[in-house]
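Input: a single structure, listed below in structure tokens.
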Protein chains: 2
Amino acid sequence: VADTSAARGSAASPAVSTFTEQDLIARVQRALPPPPAWLLVGIGDDAAVVEPERNRVEVLSVDALVEGVHFDRAFVPADATGYRALAVNLSDLAAMGAEPRLALLSMAVPGDWLIDQFDGVIAGLTRLAAEYRIHVAGGNLTRSPGPFMIDITVLGTVKRRQALTRAGARPGDDIYVSGTVGTAAAGLGMLRASLLNKKDTTDQNACINRYLYPEPRVRLGLLLSRTRVATAAIDLSDGLADAVYRIADASGVGAMVDAGVLPLDAGARGWFSQRGADPITEAIAGGDDYELLFTARPRSEGRLAAARRHGQVPLTRIGVCTDRSRGVRIRHGETERELPRAGYDHFR
Amino acid sequence: VADTSAARGSAASPAVSTFTEQDLIARVQRALPPPPAWLLVGIGDDAAVVEPERNRVEVLSVDALVEGVHFDRAFVPADATGYRALAVNLSDLAAMGAEPRLALLSMAVPGDWLIDQFDGVIAGLTRLAAEYRIHVAGGNLTRSPGPFMIDITVLGTVKRRQALTRAGARPGDDIYVSGTVGTAAAGLGMLRASLLNKKDTTDQNACINRYLYPEPRVRLGLLLSRTRVATAAIDLSDGLADAVYRIADASGVGAMVDAGVLPLDAGARGWFSQRGADPITEAIAGGDDYELLFTARPRSEGRLAAARRHGQVPLTRIGVCTDRSRGVRIRHGETERELPRAGYDHFR
């Protein structure tokens, strides 16, 4: 459970504008473990130099968190900002079945940020990096005249024929999701409400924790790719409905989702109901869960055993792929309708 | 010479906020050439999948341009913004002696930007990408509630023992710089002055052009690494003085720079003089030239022949590395003093 004091800072903490760029880079370096042997040149030169891993292809992704778009500093502590910025990238690697290797960190920091906040971001990021053994090999640091922005590039590796894409699903494949859906959306709602009520967030629950510190499903992704049980995979960054549509579009299939079996966290369900919202609708549209959605050939239950046993997260079969002509639909008991094309768009 | 109409936009061009993220990604994709065979999965999945190049190490760098910090939209056209964002990254690869391979593009775009400006950024970037055969393999696009930010990650390759670092200079090595120094700083001054005078910048000269469209010295970097003639190298992003100090610090040497031989563009020299400033002082401190500064063993003139012939830019011997204890100094005729530690700091 997060301590929000880092986000609020303290009067004793100086502003980042009183430090030089070199000072700040040195603070990042001190927070990092010793570089691995494959990192031939690390932070401090014009670029990093890396020995590639043999017999692997490389998986590269970049994702940004922008203050005021992806998070609100009023209720997201600094360490959660750093943690989430890396987590969303690790989640992309997980969705490809790749093993994390290195990260490049680019930040634009407002000059009036306190050094405690800066250190908090780095602490959250390096804690998660250590957990998944991903090394920060370089980056860029600049002042921002506007919001704080953190942009992370990750590189992972996977055996050539084991990379998971969104494009391999076929009609008849089962659709699975890991963990629960809508939990982070409920957590975000709770954080916003606590801010309005000027209520402290120290009584944080599982939903808030999921929003602030999502667990990238790296272990599950590796198991799905190594056992070749998943035919397609994607992570839930913009919600379940968005993920199902993207798999369907990329694979050229339709889909039927069973609303009755969607794995909702009890706290999230209660939160949505209490506010007069339909928990299923909210769970389908809500983003930021960073679970994996994947497809598998029917009757793969046996082959899914390893993923279930060692993937560190429950798996739920939530539907099936259909012919493209049938579209993307959801069944509530006896009724059936088109799956609402919900999902967060960063521009509209 | 730049056309600034893209930066100013036109009333007929709609705002980016009227497009979806998918629309905007599609506009980027349409501007790109067909993907190379080594790009196994490109834009449109959770991450890019890349076949590594055999017998090479990889060189990775990230660099950002932030509106209001690194450029002013009032006098930098949209296409120059896209061009420069990639150029500064290619310059980092050049300084390592690496061959450009792929780029990841992350942008945070204000919703009120016109789609013409967005397209202009992409056009400037893809033009330079095509010139250096670097492929945009993926990226991220988000709305910005503040300034425009463009963050590019590049990956290049080099033979293991040929990567150029800042750390190989030894006392007695000669110090060389490519092209001219202070030219971009003069160009920036001219652009600012033309704005104050409400003067159109269509009478742009070589200095303005150098500021807006710096040429990354990729070809020179490759020649310096392949012939192993350079003992250390760095690019001039934050000025000549900064570059000399960084080579000296990383290599553990001192340096003596000869002010009399510094290669100044005649237009830049005239501009600085006209404003009552000392051209040498300005040229030493001015950033954004993106030339290469490198060191070579004494009497390497013969081995430098290939770089001189095919590097597409003149080289000037501007000084020599000394013992660390002698510090970093500059000689003006008979007088000698410590090299002023000038250089742009993004925070102070």
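Note on naming: letters A, B, ... go to the chains in the order of the sequence lines (proteins, then strands), and numbering restarts at 1 for each one. These numbers come from a predicted model, not from an experiment.
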Working for side chain to side chain contact (heavy atoms under 4.5 Å, CB included), residues A/L125 and A/T81: CA-CA 8 Å; A/L125 191 154; A/T81 305; over 6 Å; no
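- Residue contact with chain B, scored on non-hydrogen atoms closer than 4.5 Å, is absent for A/L93.
- Taking 4.0 Å as the cut-off between side-chain N and carboxylate O, A/D119 and A/R27 count as a salt-bridged pair.
- Taking the charged nitrogens against the carboxylate oxygens, A/E99 and A/R101 have no contact shorter than 4.0 Å, which rules out a salt bridge.
- Minimum heavy-atom separation, B/A85 to B/L65: N-CD1, 3.5 Å.
- Of the atoms belonging to B/V41, it is side-chain heavy atoms, and not backbone ones, that fall under 4.5 Å from chain A.
- Take A/F148 and apply the ring-ring contact (aromatic ring centres under 6.0 Å, His included) test, not counting sequence neighbours, and it matches A/W113.
- In this structure, the portion of B/V66 lying under 4.5 Å from any heavy atom of chain A is its side chain and not its backbone.
- Listed options A/R54, A/M149, A/E67, A/E53 were ranked by heavy-atom pairs under 4.5 angstrom with chain B; first place goes to A/M149.
- Most heavy-atom pairs under 4.5 Å with chain A: of the set B/P147, B/A95, B/S91, this distinction falls to B/P147.
- Within the 4.5 angstrom heavy-atom criterion, only side-chain atoms of A/A108, from C-beta onward, approach chain B.
- B/A233 touches chain A through its backbone: at least one of N, CA, C or O sits under 4.5 Å from a heavy atom, while the side chain does not.
- Top candidate by heavy-atom pairs under 4.5 Å with chain A, chosen from B/A98, B/P145, B/G68, B/G138, is B/P145.
- Per-residue counts of heavy-atom pairs under 4.5 Å with chain A were compared for B/G146, B/A48, B/S61; the largest is that of B/A48.
- Ranked by heavy-atom pairs under 4.5 Å with chain B, the list A/L60, A/V57, A/D249 is led by A/L60.
- Applying the ring pair (Phe, Tyr, Trp, His ring centres under 6.0 Å) test to every pair with at least one member in residues 233-252 of chain A, sequence neighbours left out, gives no pairs at all.
- The part of A/R56 that comes within reach of chain B is its backbone (N, CA, C, O), which places non-hydrogen atoms under 4.5 angstrom from that chain.
- Ring pair A/F294/A/Y176 is parallel by interplanar angle, where below 30° counts as parallel and above 60° as perpendicular.
- A/R166 and B/D46 are joined by a salt bridge, as a carboxylate oxygen and a charged side-chain nitrogen come within less than 4.0 angstrom of each other.
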